[in-house]
Amino acid sequence: MKFDTPATTNPIDQLKVIGKPMDRIDGPMKTSGLAPYAYERHDVAPGAAYGQVVGAGIAKGRIASMDLSAARAAPGVITIVTARTAGKLGKGKLNTARLLGGPDIEHYHQAVALVVAKTFEQARAAAMLVKVTYTRTPGKFSLAEHRDSAPLAKASDPDSPSATKVGDFSGAFEAAPVQFDGTYTTPDHSHAMMEPHASTAAWQGDKLTVWTSNQMIDWGVTDLATTLGIKKADVRLVSPFIGGGFGGKLFLRADALLAALGAKAAGQPVKVALARPLIPNNTTHRPATIQRIRMGAGPDGKLTAIAHESWSGDLPDGGPETAVNQTRLLYAGAHRMTATHLAVLDLPEGNAMRAPGEAPGMMALEVAMDEMAQRLGMDPIAFRVINDTQVDPEKPERPFSQRQLIRCLSLGAERFCWARRNTQPAQVRDGRWLVGIGVASAFRNNMTMKSGARIRLDNKGMVTVETDMTDIGTGSYTVIAQTAAEMMGVPIDKVFVRLGDSAFPVSSGSGGQWGGNSSTAGVYAACMKMREAVAKKAGLVSSGAVFADGMIRVGDSAVSLAEVAGADGLVAEDFIEFGDLAKKSQQSTFGAHFVEVGVDAATGEIRVRRMLAVCAAGRILNPKSARSQVIGAMTMGVGGALMESLEVDRRHGFFVNHDLAGYEVPVHADIPHQEVIFLDETDPISSPMKAKGVGELGICGVSAAIANAIYNATGVRVRAYPVTLDKLLGGMPDVA
Ligand code: MOS
């Protein structure tokens, strides 16, 4: 099904199942431990051996020698895989560095060996006996140092040029009566998902099966086949349950490749999990940014000039953090420019992490908006409202498909009692706490991806959905079941959902907050096919057919789906493909974040006290799972604001705090009352579901709202994330 005209009324609009706050259908399996994760596939790969990855001890250079004798002689060792033994390997299109290094080393903890043994303990002990000596080459490890020489990034697609210009920014900025020029920094971030990267691999002749933890099954199959130099048809990836990904599992990683190579060499199934301390340097991370924002406005607060420039770094042939993207779309202003620079660094590969681009971009832009409002003497909400735009500011002929930013801000202001905010900072005390509140807009683009599904109907009236879509903790199983139930007119317990297997039709996968909308739209398309097939087999006309209560009804005729399916059952398959509606109008999601913080007047300790997000993101398919997505994202925004930072060792080029002891993320005790409100919205331009993404919208802007609240509490403006107490202490008001 091609989606190239806006949706009209369709069966989803019945909202009998869609739009209901249903519990997760996979919840009982997960909470009872019955959901098999990649490292636990004893059922399908019994007696698997264990592989332990050895990571490179330098960031750049060459392996001079490798002594495997002690490791080989260690108890239980079956085989050791290195670049030398693995034979010629290709490189996945989506991997920047090779997943098995040697003799050249491209980054710290790049895998150099896999030690396979009978037990996990034996593999781990033997891995420590692998002796590698290196010849080190000097590398570039500091973004700040290499910022000035960083060229404009290469544009990955024509719609995202690395430099944009409208009007005359410099002229308008210089002429503006009120100006702002600020530079912000965001550090490298780690996904820190709960389940580590893990895979169990088994070969049957030339056929490889890998049970893994991957957000994008088809990308993974393609890159694994490319790397191994085998046919895509000979690779099967299975990833039905995933303990979080946040973008760290979008691509093939070392665990999957090395499990496959290890299983080949060992002649038996092999499982590999990346040990937690290996993950931050071995896999990907959100790259650090330096962002300069300039704004010019008249005394009325209307922006006349806005510029956003960003610098980030990556390995050779890597890509930039696209932190300026939202600034092209979020606020009006006739004269504008953006630029995205990319330095070559020899740190581990930078890549997507929850809301790549907007998450760090909004951390800077929305603090700059607060600072500019202050300069103008305006309320920060009023300043945002006056600069709202209902059209793409670069192409005024392109409207937004839906844009309720003002409504999000005003409803949030009302619910959060914004009017009680003291406009003077550092005035409100609650015992030892200085109290402040802050606001930020939320913005994240809505992307759509081609997505397929297969529907089976059996003689018990059971509807089975098969698609390689993944559920990374987001609720895919549930919204897909709701979609099929709505479309086929059956209760949700008559739907069985099978996900995450490359044997199923290729889906959108989970990424870029496109998964919920795109994958259910694919299920919608396949169900449309199934409805036709049912009508045809029942000898009825499909137009005007009503599917309800497990029956198809046309006029006075009604037959149960079970009966129509019969002993042979029925199968239908289709995919949704998106036309160029997204070119004609801009599809984005909007919101507003409100935060109250307390800052200890003596110590500078920061505590978040209250949070509210108001979101406008099209139809909300399941308010319960959507709320979970948003509060999870808000929690991650707390981490970004206050805690998260991979610290770079600038001498040796690696992230020092590469485990969950040193890389801090919020825990329950850090998170206060969180509230989420969804505006009633449908977006017929986004898909037949009229839905959009929320999973990444929820993180965009939160950290800035926290930083703004800290300013309101203390009068100290911090432009370098994370905002930690040491950065406040010098500027705190006198306690006395
Ligand atoms: Mo997302 S960072 O594209 O999983």
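Just follow the structure's listing: the first ligand is 1, and inside any ligand the first atom is 1.
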S.K.: Checking the N or O distance criterion of under 3.5 Å, is ligand 1 in contact with Gln215?
M.R.: yes
S.K.: Do Asp468 and Arg454 meet the salt-bridge criterion of a basic N to acidic O distance under 4.0 Å?
M.R.: no
S.K.: Which bit of Ile472 gets closer than 4.0 Å to ligand 1, counting heavy atoms only: side chain, backbone, both or neither?
M.R.: neither
S.K.: In plain terms, say whether Arg619 and Glu681 are close enough for a salt bridge, that is, a side-chain N and a carboxylate O under 4.0 Å apart.
M.R.: no
S.K.: Which residue holds the protein heavy atom closest to atom 3 (O) of ligand 1, what is that atom called, and what is the gap in Å?
M.R.: Gly512 N, 2.7 Å
S.K.: Measuring from non-hydrogen atoms of Gly245 to any atom of ligand 1, is the shortest distance under 4.0 Å?
M.R.: no
S.K.: Any idea which atoms of ligand 1 are less than 4.0 Å away from a heavy-atom of Gly511?
M.R.: 1 (Mo), 3 (O), 4 (O)
S.K.: Just jot down the ligand 1 atoms closer than 4.0 angstrom to any heavy atom of Arg354, in number order.
M.R.: 2 (S)
S.K.: Considering only NZ, NE, NH1 and NH2 on the basic side and carboxylate oxygens on the acidic side, decide whether Asp188 and Arg286 come within less than 4.0 Å.
M.R.: no
S.K.: Is it true that Lys624 and Asp23 have a side-chain N and a carboxylate O under 4.0 angstrom from each other?
M.R.: yes
S.K.: Check each heavy atom of Gln513 against ligand 1 and say whether those closer than 4.0 Å belong to the side chain, the backbone, both or neither.
M.R.: neither
S.K.: For the residue pair Phe655 and His285, does the interplanar ring angle fall in the parallel (under 30°), tilted (30 to 60°) or perpendicular (over 60°) class?
M.R.: perpendicular
S.K.: Between Glu349 and His107, does the side chain to side chain donor-acceptor pair (under 3.5 Å) criterion hold? Intermediate values first, please.
M.R.: CA-CA 8 Å; Glu349 176 180 341; His107 64 87; over 6 Å; no
S.K.: So, 4.0 Å and heavy atoms of Lys249: is ligand 1 close enough to count as a contact?
M.R.: no
S.K.: Does a side-chain N-to-carboxylate-O contact under 4.0 Å join Asp683 and Lys692?
M.R.: yes
S.K.: Examine Arg719 relative to Tyr184 and say whether NZ or CZ is less than 6.0 Å from the centre of the six-membered ring and inside a 45° cone about the ring axis.
M.R.: yes
S.K.: With a 3.5 Å cut-off and no angle check, do the side chains of Gln587 and Ser585 form a donor-acceptor pair?
M.R.: no
S.K.: Quick one: does Met353 get an N or O within less than 3.5 Å of an N or O on ligand 1?
M.R.: no
S.K.: Show me which atoms of ligand 1 lie under 4.0 Å from any heavy atom of Ala352.
M.R.: 2 (S)
S.K.: Just jot down the ligand 1 atoms closer than 4.0 angstrom to any heavy atom of Glu696, in number order.
M.R.: 1 (Mo), 2 (S), 3 (O)
S.K.: Any N or O of Gly247 that comes nearer than 3.5 Å to an N or O of ligand 1?
M.R.: yes
S.K.: Can you list the ligand 1 atoms lying under 4.0 Å from a non-hydrogen atom of Pro356?
M.R.: 2 (S)
